[in-house]
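Here the structure comes first, spelled out in structure tokens, and everything after it is commentary.
Numbering of ligands and ligand atoms starts at 1, following listing order.
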Amino acid sequence: MSRASTEQRARVEVLRNEHDGRPALYEATLRSLQAEVKELPPVWLYDERGSRLYEEITRLPDYYLPRREGEILRVQAATIAGRTQASTLVELGAGSAKNIRLVLDALDTAGTLERFVPLDVSEPTLRASARAIAAAYPRISVEAIVGDFERDLDLLPEGGRRLIAFLGSTIGNLYPEQRATLLTALAAELAPSDALLLGVDLVKDVARLEAAYNDREGVTEAFVRNALTAANSELDATFDQRLFVYEARWDPAHEWMDIGFRARQAHAVWIQRLGIDVTFQMDEPLRVEISSKFRRERFELEAARAGLQVESWWTDRGGDFALALVPRDPFAGS
Ligand code: AVJ
């Protein structure tokens, strides 16, 4: 682990830099590209350009997720602050950290907040949002962690009352087994006065789901294609954009959006840094991410299996999105 830099003035510390996580990512990429259904792990989506494109997605009219989550937070943030009385707010997969500001505001108003710990895979994005948060909330310190929430929970600072937020339905990018592993790891990480705040997108009308990932402007396609560009440049790979057609469709059996490409024709892609050739048949899929959609009962059951109990489940008025508040120990007297 390395301490990349300390920026005293902005009170932003970057614990651990991007470098440290690369071997594990390459290993995971190797495995995914050799799996039955070929996949490029979604972490490849979130380099600096990808994070910027995701920002753009959040402004698309059809991409309702962040707006619905914001709607819930505007109603519930004060309650969340009152119940958790958190002194440390952690955000996993923080990105540019927009909706989390609603939680920061409420905790700041409640007067308990001392520290914000955003964790994200993109170092430039993390640095920018950490600086912006430090400037906007002069009373708190910001300790940013460049990392992968599936691997780096042990890097989270301890002490105080911690609220660990995982917003935007990012948990939907994980397969059920990975989700179970993460929830179990979070349950183990929580101290008695800590809590989790999870944002999850809900199962809904297929047309609306598919529209959210197939915008006319092609921003989502550009975002997903950027994973190929990122892999080409960092792994010295030969993914040819013209040989892959973008596809995002609802998988009713798994209740997830299946997002990626289909090969236009049979061909091979050489991945120099991994030392492998990946061969595609005509029409063969290359998945880049899944985006699981949830139902309350199933989610609560999964949480329970990990030893977590959902104390509050809040949705927006339309029932599109949900926020789950999960204390390690039930909040006393509220
Ligand atoms: C950030 C993972 C929640 O799954 O909706 C948006 C990513 N992909 N458009 C999602 C995404 C295509 C997004 N998450």
Could you note down all residue pairs passing ring-ring contact (aromatic ring centres under 6.0 Å, His included) where [range] supplies at least one of them, sequence neighbours left out?
range            : value
residues 168-197 : Tyr175-Trp256
residues 76-100  : none
residues 24-50   : Tyr46-Phe223

Query raised in the report: His267 and Phe239: aromatic ring centres closer than 6.0 Å?
Result: no
Requested in this report: For this output row, return yes or no: ring centroids of Phe166 and Phe149 closer than 6.0 angstrom.
Outcome: yes
Report summary line: Heavy-atom contacts under 4.0 Å to ligand 1, chain-then-number order, include exactly Tyr46, Tyr54, Ile57, Tyr63, Leu65, Gly168, Ser169, Thr170, Asn173, Tyr213, Thr220, Phe223, Glu289, Ser291
Query - Side chains of Thr58 and Tyr63, donor plus acceptor under 3.5 Å - result: no
